[in-house]
Amino acid sequence: MSINNVRLAQVPIQTYNTAAPEVQTKEPAEIKGDYQLTMISPLLAQMLLAQSKKITPASVSNVQGVTEAQKRVSGYKNELRDMLTHNKANIIAVILRTMNAQDKDGNELIQGDEISGNFINAVDRLDEIKDLGFNTQHVLPIHPPGKTHAMGTAGSLYAPKDFLTLDPELVDENPPEEVKKRVAELYEQKTGKKLEKMDKNDPEVAFAQCKYYIDECHKRGIKVMLDLPSCASVDFARLHPELMAIGPDGKEKVPQGWQDIRMLKSFVDEQNRILNKPLVDMLKKYVDMCVDLGFDGIRADVGRARPVEFWNVIINYSRAKDPQFAWLAETYTHEDASPQLNMPYDRPQELLEVGFDSYYGQYHNYSDWLTADVLFDYVKENIDMNNKIGEKCGPKSLIGSFATHDDQSPMLYGGAPWVMFTTILQSMLPQVNPYIVDGIQTGDFYLYPYEHALVRDSETDNHECTVHTGRLDIFNKSRKPGGNSPEIAQVVKTAFALRDNRYNELNPNSNVKLSMTNAQDVITKGSFIKLPTNNPEIIAFARHKDGKTLLFVGNRNINFKVGGKIEIPGLKPEQKFANLMPSYGAESKFQNDKQGSLVVEMGAGRACVFEIDDKDIEKLSKPENVLQQKYL
């Protein structure tokens, strides 16, 4: 899409110097107070770390199940930790400043009198989100972005100027009267003062409107977790040198490829594993803020950026306030993902052992996994890790990270069929909470016509509209996410309804009815059975529990039809196959050969789910083909 026909700048644009000069650094400020720097040997540090993984605060058992924030909504209770660990969270990732933006002129950039997304107009989309079956929101950062050496005209969501305040640009200064009344009540409860003016420059107004938004989510049964940035903006670094990491060259550490952020310093003495108390204290205040606002959990950006000792303190601190406070780690299984320079390696098992409930995993690389066996090997690897650590720390899960905000839109790989294929697949995999970025549910390509355009008006020192091609815009005030493939939404809705025991309710007039009443248990707790095929591009597996069986069959090839035979132990000769998912793409054919196999001819990128009467499939399958996540 060309930007030539898009009205971006109304006056001639001058040339701006985009080079980022070095930020002057200072020696870390002396740590004062009652924090004792106890010197210990590295060996003892390792022993203490091993012990720290077993620590549970003594006060946790006395914590009330419902926080004061949760009491704002009658009958609401945070259950997000249990939902994540038991594979029951259906997650949508949203950016509040774009979630319900109003792009009047169609250039996809919010300018002039156009309205960006905010705490109040985002509420208008909650019924849509709930109707699709999402029960959890991952809210990308909502703090004021840094303005110096910024990326984009609004500043990156992951370059906070302040961790303990909210972006004033998310405030609606003229909300509807009934909303204004409720926000005023929340404001007075917190400050003890009457709200005289809905002023975005009053930080307490932003807090009150954020509480209103979260309460509206909770009224609809939607849990909300906030994204905690791993680094800070240049503006923050200048104000808080004692919190910033300094390299051997005496300069601030900068993650590779990110000019707008600086790394935080976790240790005052890394060799002896002594944590940086001012940073620990700030993150405790961050947790306090989240709990007060009503967030149900935190997604930790680049989880490996903080050591396990640090997370042990912060996670246990949050659980002392709310035992159900959930933690999702952005960490991967094998890769040292971007940004690489100045970042430690991924270590998912350590993070899970120290208290994280769920992690990203490696499904975002699925487009490179060309055969079914690669997928099955990865499923096994994660179940094995869960079963290894589960006895001590309970079940752990992944998100269906087939595409996150860091990845290009899956529409660019295979269009709507690929998105529908991966949606159905992730809804059926074990140990997975489905995860979709806002806009993908209707086929957004995230191709913005203003990419790298220069504009006159900017909220930062950068007048270039920074965009990562094909990725959700986190740098500018952009249009509301969405595409032109509504058929994807129907697949999302159907797949989630099956997971949540609402399938027949969703399709009351359908000829295809689900006999089982415990589909959620089958999918979230049942065994995973790999089914042999004679075609490596055909993905076939069963989910089985208490004699009930669901069968997934998919064509991994997004370009061509494929055919093959699937061996299904215990398959009855009279078994019929009725697809529970919406049909799309080329017609697929399924024939029971009455000899224990299903012969298939599947359209490109097709995925189907069947209920079959096969009580003995687990018992009759080879032991190496049966996987079971334990400790659920």
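Below, all heavy atoms of this structure are taken into account, side chains as well, without hydrogens, waters or symmetry copies.
Checked against the 6.0 Å centroid threshold, H468 and Y446 do not count as a close aromatic pair.
Listed here is the closest heavy atom pair of L264 and A232: CD2-CB, 4.1 Å. Here the closest heavy-atom approach between residue A150 and residue T460 is recorded as CB-CB, 3.5 Å. For the residue pair K265 and L279, the shortest heavy atom distance occurs at O-CD2, 3.2 Å.
A 4.5 Å side-chain heavy-atom check between V254 and I261 finds every atom pair outside the cut-off. Two residues are said to be in side-chain contact when any heavy atoms from C-beta on lie closer than 4.5 Å; M289 and F163 fail this criterion. The shortest side-chain heavy-atom distance between I436 and F402 does not fall under the 4.5 Å cut-off. Contact annotation: the side chain of M411 approaches that of I488 to within less than 4.5 Å [non-hydrogen atoms, C-beta and beyond]. Two residues are said to be in side-chain contact when any heavy atoms from C-beta on lie closer than 4.5 Å; F207 and L166 meet this criterion.
Between K181 and E178, no side-chain nitrogen of the basic residue sits less than 4.0 Å from a carboxylate oxygen of the acidic one, so the salt-bridge criterion is not met. Between R479 and D444 there is a salt bridge, since at least one side-chain N of the basic residue sits less than 4.0 Å from a carboxylate O of the acidic one. At a threshold of 4.0 Å, the pair R273-E309 counts as salt-bridged, since one of the basic side-chain nitrogens sits closer than that to a carboxylate oxygen. Between R262 and E252 a salt bridge is recorded (basic side-chain N to carboxylate O distance below 4.0 Å). No salt bridge links K211 with D215; every basic N to acidic carboxylate O contact stays at or beyond 4.0 Å. Between D127 and R220 a salt bridge is recorded (basic side-chain N to carboxylate O distance below 4.0 Å). The residues D296 and R81 are annotated as not salt-bridged, no charged nitrogen and carboxylate oxygen being separated by less than 4.0 angstrom.
Residues Y187 and D202 bring a donor and an acceptor atom of their side chains to less than 3.5 Å of each other. No side-chain donor from either of D461 and T148 sits under 3.5 Å from a side-chain acceptor of the other. Between the side chains of D269 and N272, at least one donor N or O lies within less than 3.5 Å of an accepting N or O. Defined by atom type and a distance below 3.5 Å, a donor-acceptor pair is present between the side-chain atoms of R299 and Y360. In this model, no donor atom of one side chain and acceptor atom of the other lie less than 3.5 Å apart for S116 and E169. In summary, the side chains of N476 and D473 do present a donor paired with an acceptor at a separation below 3.5 Å, with no hydrogens or angles considered. A donor-acceptor contact closer than 3.5 angstrom is absent between the side chains of Q426 and Y366.
Ring planes of F236 and H240: tilted class, angle from 30 to 60°. Using cut-offs of 30° and 60° for the angle between ring planes, the Y158 and H405 rings count as parallel. By the 30° and 60° cut-offs, the orientation of the rings of Y413 relative to W418 is tilted.
Taken from OG in S266 to CZ in R306, the straight-line distance is 3.5 Å, to the nearest 0.5 Å.
Among D322, I314, I315, D292, the one residue that satisfies the side chain to side chain contact (heavy atoms under 4.5 Å, CB included) test with V287 is I314. Partner Y450 forms a side chain to side chain contact (heavy atoms under 4.5 Å, CB included) with one of V455, T153, L109 and no other, that one being L109.
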Salt bridge (Lys or Arg N to Asp or Glu O under 4.0 Å) between K161 and D260, intermediate numbers included: CA-CA 11 Å; K161 184 178 181 180; D260 60 334; over 6 Å; no
Candidate pair Q70 and H218, rule side-chain hydrogen bond (donor to acceptor under 3.5 Å, both in side chains), full reasoning: CA-CA 8 Å; Q70 293 166 29; H218 287 170; over 6 Å; no
Salt bridge (Lys or Arg N to Asp or Glu O under 4.0 Å) evaluation trace for E459 with K477: CA-CA 10 Å; E459 297 174 8; K477 289 183 177 178; 2.7 Å; yes
